[in-house]
Amino acid sequence: MSRFCSVFARLFIFTFILFPPLSVLGEEPPPQVLEEVVVTATKTPVPVSQLTSAVEVIRGEELEQKKIKTIIDALRLAQSVMVTQNGGPGTLATVGIRGASTAQTLVLMDGTILNSPTAGQFDFANLTTDNIERIEILRGAQSMLWGSDAMGGVINIITKKGTGAPTGGAFHEYGSIVTVREGAHVSGTKGPFDLSAAVTQWDTNGFSAVNFRRGATERDGFHNFQTSARAGVTLPNDGRLDFNLRWWKSHVDIDGFTLAGGPADVFGAKTLDHRLILSGSYDQPVTSWWSQKLTLARDREFAFTFFGTAQRDLSTGVVTPISPTFTSDLETLNHRIEWQHNFQIGKPLLLTAGYQFREGVADSPSFSTTSRSKVISSHAGFAEAQVNVLDRVLFTGGVRQDSYNAFGDATTYRITGGYLLKETGTKFRGSYATGFRAPTINDLFFPGFSNPNLKPEKSKSMDLGVDQKLFQDKLLLTGGFFWNRFRNLIQLDQNFIPQNVGNALTHGWEVGFQYAALKNLELRGQYSWILTRNLDTGGRLARRPVDLASAGLSYQLIDPLRFNLEYRLVGGRVNDTANTQKMPSFDVVNVSATYNVTKQWQIFGRIDNLFDKDYEEVLFFGTPTRSVFAGVKFTY
């Protein structure tokens with residue numbers, strides 16, 4: 001840990017010497033900007049300075065500025081977020097927060113729950129950054145507000161809202177591994193109506209899912225067509241209607257393993273994925289002290305997988321046919337209805353209460369011909385109080401009750417507190433919470449390998465932190481400690497039947513900084529030290545590195561030219577629960593640049609894995625070699 005802390009300390013000191021604060025240089029500070037507001041932490045808008053939770057925000061402007069293609073690539077740079085992907089673009093990509101499992105992270109888009117009703121986790125493989133306004137990452141147990149799956153945290157993805165005069169544009173990009181991307185967008189307002197929409201096509205055909213350095217020769221392609229739209233209507237008396245849509249159609253070639261467990265180059269294996277994400281919300285103040293919001297959301301996914309005709313064992317080089325060939329098809333649905341009411345009781349107290357209905361449905365003709373559709377549904381009520389005394393003493397507390405059709409009830413609560421010392425720019429914060437994760441449809445109903453008597457996983461979570469602003473708020477330093485205790489974890493026994501037998505512990509430290517050194521220079525960095533322990537075996541949890549770090553620099557060299565640098569470090573870890581497959585640490589550097597030729601025309605470029613590092617996020621699966629991309633963008 002000391003080695004990584006030393007690196008970050010030197011980076012910060014070096015930056016301060018080269019780029020001192022504006023007050024030191026004697027320059028006038030830039031115009032005051034409005035403070036960023038976060039919704040995910042309390043389900044109401046709260047300025048960042050008054051938050052008592054650990055939150056990180058990734059803005060859409062950053063994604064566009066750095067030419068980051070996918071949400072998963074953006075999350076690779078986030079605090080205490082571990083990303084694993086089974087190969088190149090389009091392959092299974094999942095995240096965990098603070099050492100929690102990938103199924104213990106709740107993912108939403110515009111109010112729609114994206115976690116799979118069958119697998120529990122969300123696969124980020126197909127989700128691009130097009131038309132994204134912001135990503136809010138909330139760390140720590142959040143079941144009190146968000147229900148099941150939020151034991152480790154919440155990732156809330158929000159689509160852009162149309163603003164200003166109507167505009168549009170298009171882009172084209174070409175690059176390594178036979179990559180072609182192109183797309184168009186429109187945005188703007190007209191009277192009470194606003195719209196932001198985008199459509200993109202992404203094709204690549206030069207990447208092997210299993211690591212080519214291990215002898216894989218087949219090129220595995222990825223093809224993704226995606227469209228996104230957000231339409232809104234401003235209503236009288238500060239009311240608003242919002243409608244959100246995202247749809248994609250993708251095709252990705254995949255690899256796998258032999259019966260002996262070794263990596264295999266599988267010929268002809270592929271997955272086709274169609275997904276439609278819909279949501280609508282009605283937000284309306286009722287009185288000066290009472291407002292309400294109604295949200296309706298639906299997520300439908302259809303996935304078809306063909307497991308190939310033959311495979312080559314990369315250990316022996318022997319090619320064997322896959323006989324008989326087989327396929328799987330799976331249709332899942334997520335439904336969510338929430339009705340939330342906010343009551344402002346005087347200046348210091350805001351009360352929030354709400355009801356949520358959630359339903360997950362799965363149907364797979366491949367596994368059964370009768371009674372195929374399985375359903376897990378729940379009704380939940382929640383209440384929360386937010387206290388703000390003179391913008392200094394900050395407190396939240398709440399409780400939630402979920403009632404499920406499949407296994408009964410779950411009760412969770414959460415309390416947070418903080419103190420903001422305005423004179424020094426110091427904020428102390430802390431939280432304690434309980435969480436739960438409901439068994440999935442696979443856990444409860446999968447033919448021959450399920451357990452209808454399962455209970456939900458449960459957790460206790462706490463954190464303590466401090467945020468410090470310096471140099472007229474140009475520098476923000478953050479630090480904190482967290483602790484999570486998990487019990488009743490669902491694990492497979494020797495007959496591959498899920499049981500509530502697992503117990504685990506994670507704890508660690510988080511530090512970070514954001515520094516606006518000059519008007520045209522921004523720097524940021526973060527480091528997380530995460531210890532995990534399987535309390536039943538004494539071993540480490542699989543695919544959780546002890547060390548996670550990232551750093552970034554964005555510098556506008558001259559008015560039309562901007563340069564971006566990203567650094568990412570992932571520490572050593574184990575790939576399996578038995579702790580026999582050890583994986584070394586790795587670090588990766590990416591660079592990008594944009595040049596505005598005119599107000600309408602921009603040229604851009606990006607290099608991923610600048611130093612051509614050889615590494616794997618998941619054992620045996622490939623990651624990009626040095627990859628170069630360039631493109632042009634037109635805006636009118």
Side-chain angles (χ1 to χ4, degrees), residues 92 94 101-124 126-127 142-143 145-152 154-157 244 246 273-280 295-304 328-339 354-368 371-382 400-410 412 435-447 449-458 488 490 498 500:
L92 176 66
T94 57
S101 75
T102 57
Q104 294 169 343
T105 299
L106 181 67
V107 182
L108 303 107
M109 172 171 276
D110 302 317
T112 305
I113 293 174
L114 301 183
N115 293 60
S116 168
T118 54
Q121 62 198 14
F122 172 61
D123 181 4
F124 285 86
N126 295 294
L127 186 53
Q142 310 297 331
S143 292
L145 276 182
W146 295 103
S148 177
D149 308 328
M151 296 170 72
V154 175
I155 297 175
N156 189 13
I157 305 162
N244 302 279
R246 184 170 288 255
D273 189 85
H274 294 189
R275 193 157 193 164
L276 177 62
I277 303 167
L278 297 169
S279 67
T295 301
L296 307 176
R298 186 175 196 259
D299 170 32
R300 177 186 181 273
E301 181 179 25
F302 177 77
F304 172 84
S328 74
D329 52 357
L330 176 65
E331 181 180 8
T332 60
L333 295 169
N334 266 321
H335 296 133
R336 177 174 178 254
I337 302 173
E338 182 169 289
W339 195 11
Y355 161 81
Q356 177 185 273
F357 170 75
R358 179 176 174 181
E359 181 182 64
V361 184
D363 185 5
S364 179
S366 299
F367 291 101
S368 179
S371 303
R372 295 192 305 259
S373 294
K374 300 299 181 182
V375 179
I376 294 181
S377 63
S378 67
H379 300 269
F382 60 90
R400 179 188 182 101
Q401 178 76 11
D402 288 82
S403 180
Y404 276 80
N405 68 325
F407 58 81
D409 298 346
T412 52
F436 82 101
R437 186 181 79 85
T440 66
I441 289 177
N442 281 357
D443 293 331
L444 294 170
F445 305 118
F446 194 91
F449 300 96
S450 60
N451 181 356
N453 299 315
L454 287 173
K455 300 299 182 183
E457 299 180 342
K458 294 187 176 181
N488 288 349
I490 298 172
N500 289 112

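On a predicted model such as this, the values are computed, not experimentally measured, just so you know.
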For the residue pair [X] and [Y], establish whether any side-chain heavy-atom pair is separated by less than 4.5 Å.
X	Y	value
Leu127	Ile157	yes
Ile376	Tyr404	yes
Phe436	Ser148	yes
Ser403	Asp409	yes
Met109	Asn244	no
Thr440	Ser116	no
Asn334	Arg336	no
Ile277	Asp299	yes

Would you give the length of the straight line joining atom [atom1] of [X] to atom [atom2] of [Y], rounded to the nearest 0.5 angstrom?
X	Y	atom1	atom2	result
Glu301	His274	CD	NE2	10.5 Å
Asp329	Ser364	CG	OG	5.0 Å
His335	Leu278	NE2	CG	9.5 Å
Asp363	Phe302	CG	CZ	9.5 Å
Leu108	Asn156	CG	CG	5.5 Å
Leu330	Ile441	CG	CD1	9.0 Å

Would you name the heavy atoms of [X] and [Y] that are closest together and state the gap between them?
X	Y	value
Val375	Phe445	O-CE1, 4.2 Å
Pro439	Pro456	CD-CA, 4.0 Å
Ser377	Asn405	N-OD1, 2.9 Å
Arg300	Glu331	NE-OE2, 2.8 Å

Query raised in the report: What class does the angle between the rings of Phe124 and Phe122 fall in, given that below 30° is parallel, 30 to 60° is tilted and above 60° is perpendicular?
Result: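 Perpendicular: the ring planes of Phe124 and Phe122 meet at over 60°.
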Query raised in the report: What do you reckon, is CZ of Phe449 surrounded by more than 12 foreign heavy atoms closer than 6.0 Å?
Result: no
Requested in this report: List the steps, then state whether side-chain contact (heavy atoms from CB on, under 4.5 Å) holds for Leu454 with Phe407.
Outcome: CA-CA 7 Å; Leu454 287 173; Phe407 58 81; over 6 Å; no
Report task. Examine distances only and state if a side-chain atom of Asn451 and a backbone atom of Asp443 form a donor-acceptor pair shorter than 3.5 Å. Result ->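 No, because the side chain of Asn451 does not come within donor-acceptor range (under 3.5 Å) of the backbone of Asp443.
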Query raised in the report: Is the backbone of Asp110 close enough, under 3.5 Å, to the side chain of Ser279 for a donor and an acceptor to pair up by distance?
Result: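 Yes; judged by distance alone, with no hydrogens or angles, the pair exists.
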Report task. Decide, yes or no, whether a salt bridge links Asp149 with Arg358 under the criterion of side-chain N to carboxylate O below 4.0 Å. Result -> yes
Query raised in the report: Going by an N to O cut-off under 4.0 Å, is there a salt bridge joining Arg400 and Asp402?
Result: yes
Query raised in the report: What residue among Gln121, Arg437, Glu457 forms side chain to side chain donor-acceptor pair (under 3.5 Å) with Gln104?
Result: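 Single side chain to side chain donor-acceptor pair (under 3.5 Å) partner of Gln104 among Gln121, Arg437, Glu457: Glu457.
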Query - side-chain contact (heavy atoms from CB on, under 4.5 Å) evaluation trace for Asn500 with Ile490 - result: CA-CA 5 Å; Asn500 289 112; Ile490 298 172; 3.5 Å; yes
